[in-house]
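Input: a single structure, listed below in structure tokens.
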Amino acid sequence: MELGLYSFGEATPDPRTGRTIGAEERLQRLLEEIELADSVGLDVFGVGEHHRPEFVVSAPAVVLAAAAGRTKRIRLTSAVTVLSSDDPVRVFQDFATLDLISGGRAEIMAGRGSFIESFPLFGYDLADYDDLFEEKLELLLKIRAGERVTWSGRHRAPLEDLAVYPRPKQDPLPLWVAVGGHPESVVRAARLGLPLALAIIGGEPRRFVPLIELYRQAARRAGHDPATLAVGINSHGLIEEDSRQAAEDAFAAYSYVMAKIGRERGWPPLTRERFDAERGPLGANLIGTPEEVAAKIVYEHELFGFQRFLVQMSVGTLPHERVLRSIELFGTEVAPLVRERIAGRALVGRGAP
């Protein structure tokens, strides 16, 4: 099982000071976060793609390549690559190059995107939202399967026995499909035999159990062994020695981002009551002490039997030292607790005393 982090490189006002740091400073902070995650033994770091003023990362592969030179073992993935509005040839080339630079640590997490700014930016029609992803994922898989590609579709010029270089160190280059809860997306990933990354960023995780069951059932119907297909969970969190302080710090930053996005999407404002409920034992957010966060990851492992769990610790701007301390606690205290408890449950399940 793998434990790790993901970030969008947020650049929102600091709730304490009202100051918004510049893109250069935020990117340097992000690289420090990835470097620390590697040094404390975490397994994965993901960087998301956005095209909005609140986030500084629009080119995840570039950021991850910079991180590759400062890390030794941590896996480096997009979280996500908005494949619908990108060119699969270029995506493969970027991440194959990252894979070579990092010594075989690159991954792609492909998704349709929960924000839509990239579609008009790159000349795509939102009316083709679903079709674009389906077609481009098909092409990306063909490129991944072999260096010479023959392919045609509706939204891109055809390829006729053309080669795509460079080829990555890993064969095949790992490719996950990221979903936010749509059954159709889950079934597509299962049909293609691709690992699934499910975002659970609100409510109660147990509501998503039928979705994971659907994924495994659909994989079996498509001729894939579900036991060979990894499931990952992506959620929000913050770890501090004091649970109440963690809640205070997280809520100030979290509520700003959720209020701004909520105004765009018609969501009601985030109340403190709802926030506290979602950081409770059965809620989606992992905000609290190392013991509280470890217990929640173990609980979700019981629900889903996942192979990977990623936490976004910077939902809105937090003091840099708080984020670094949270990452340190995740690697040095939470991860060992989680691995010990899950290993212990597995031994008991196999009949050990």
Side-chain angles (χ1 to χ4, degrees), residues 1-10 29-49 57 60-61 63-68 70-81 95 98-99 102-111 170 173-179 195-201 205 229-239 284-287 290 293-301 304-315 318 323-343:
M1 188 189 65
E2 296 176 320
L3 298 171
L5 302 164
Y6 69 103
S7 174
F8 298 156
E10 79 295 326
R29 290 185 180 187
L30 179 55
L31 291 173
E32 290 177 23
E33 293 165 16
I34 301 172
E35 189 173 9
L36 176 60
D38 181 58
S39 70
V40 297
L42 293 172
D43 301 297
V44 186
F45 204 108
V47 176
E49 173 192 344
V57 180
V63 178
L64 295 171
R70 299 170 61 156
T71 56
K72 295 179 180 178
R73 57 170 298 277
I74 198 165
R75 299 195 65 78
L76 302 168
T77 181
S78 55
V80 302
T81 294
F95 281 86
L98 171 63
D99 198 51
S102 65
R105 293 186 282 134
E107 298 185 5
I108 302 170
M109 190 186 297
Q170 299 176 93
L173 183 66
L175 172 61
W176 293 63
V177 173
V179 303
L196 184 77
L198 173 64
I200 303 179
I201 58 173
L229 298 181
V231 168
I233 304 297
N234 299 348
S235 293
H236 297 157
L238 183 68
I239 308 164
N285 291 340
L286 292 87
I287 297 168
V293 170
K296 184 169 286 189
I297 294 175
V298 172
Y299 162 67
E300 293 198 36
H301 188 269
F304 303 113
F306 57 73
Q307 286 72 41
R308 176 178 286 185
F309 199 102
L310 304 185
V311 179
Q312 182 182 3
M313 291 183 175
S314 51
V315 185
L318 291 163
V323 175
L324 294 179
R325 180 57 177 157
S326 183
I327 293 171
E328 182 180 8
L329 290 171
F330 191 24
T332 60
E333 297 192 25
V334 174
L337 279 173
V338 169
R339 291 177 176 131
E340 177 183 349
R341 291 176 185 179
I342 290 176

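Nothing here was measured: the structure is a model prediction, and the numbers come from that model.
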Quick one: closest heavy-atom pair of [X] and [Y], and the distance?
X	Y	value
F8	G48	CD2-CA, 3.8 Å
S7	E33	OG-OE1, 4.4 Å
F330	G4	CE2-O, 3.2 Å
P174	A106	CD-O, 3.6 Å
E107	R75	OE2-NE, 2.5 Å
I200	F304	CD1-CZ, 3.8 Å

Exercise. For residues T81 and E49, is any side-chain donor paired with an opposing acceptor at under 3.5 Å?
Worked result: no

Indicate yes or no: at least one non-hydrogen side-chain atom of [X] is less than 4.5 angstrom from one of [Y].
X	Y	value
R339	L3	yes
Y6	V311	no
I327	L42	yes
M1	Q307	no
I233	L310	no
L329	S326	no
M313	I239	yes

Problem set entry | salt_bridge(R308, D43) N-O dist < 4.0 Å | no

Roughly how far, to the nearest 0.5 Å, is the [atom2] atom of [Y] from the [atom1] atom of [X]?
X	Y	atom1	atom2	value
S39	I34	OG	CD1	12.0 Å
W176	L196	CH2	CG	8.5 Å
D38	T71	CG	OG1	5.0 Å
I74	L36	CD1	CG	9.0 Å
R29	L318	CZ	CG	10.0 Å
L98	L76	CG	CG	6.0 Å

For this session: For F309, check ring pair (Phe, Tyr, Trp, His ring centres under 6.0 Å) against everything at least two apart and list the hits.
Result: F306

Exercise. With no hydrogens and no angle check, is any side-chain donor or acceptor of R105 less than 3.5 Å from a backbone partner on T77?
Worked result: no

Exercise. Any donor-acceptor pair under 3.5 Å linking the side chain of N285 with the backbone of S235?
Worked result: no

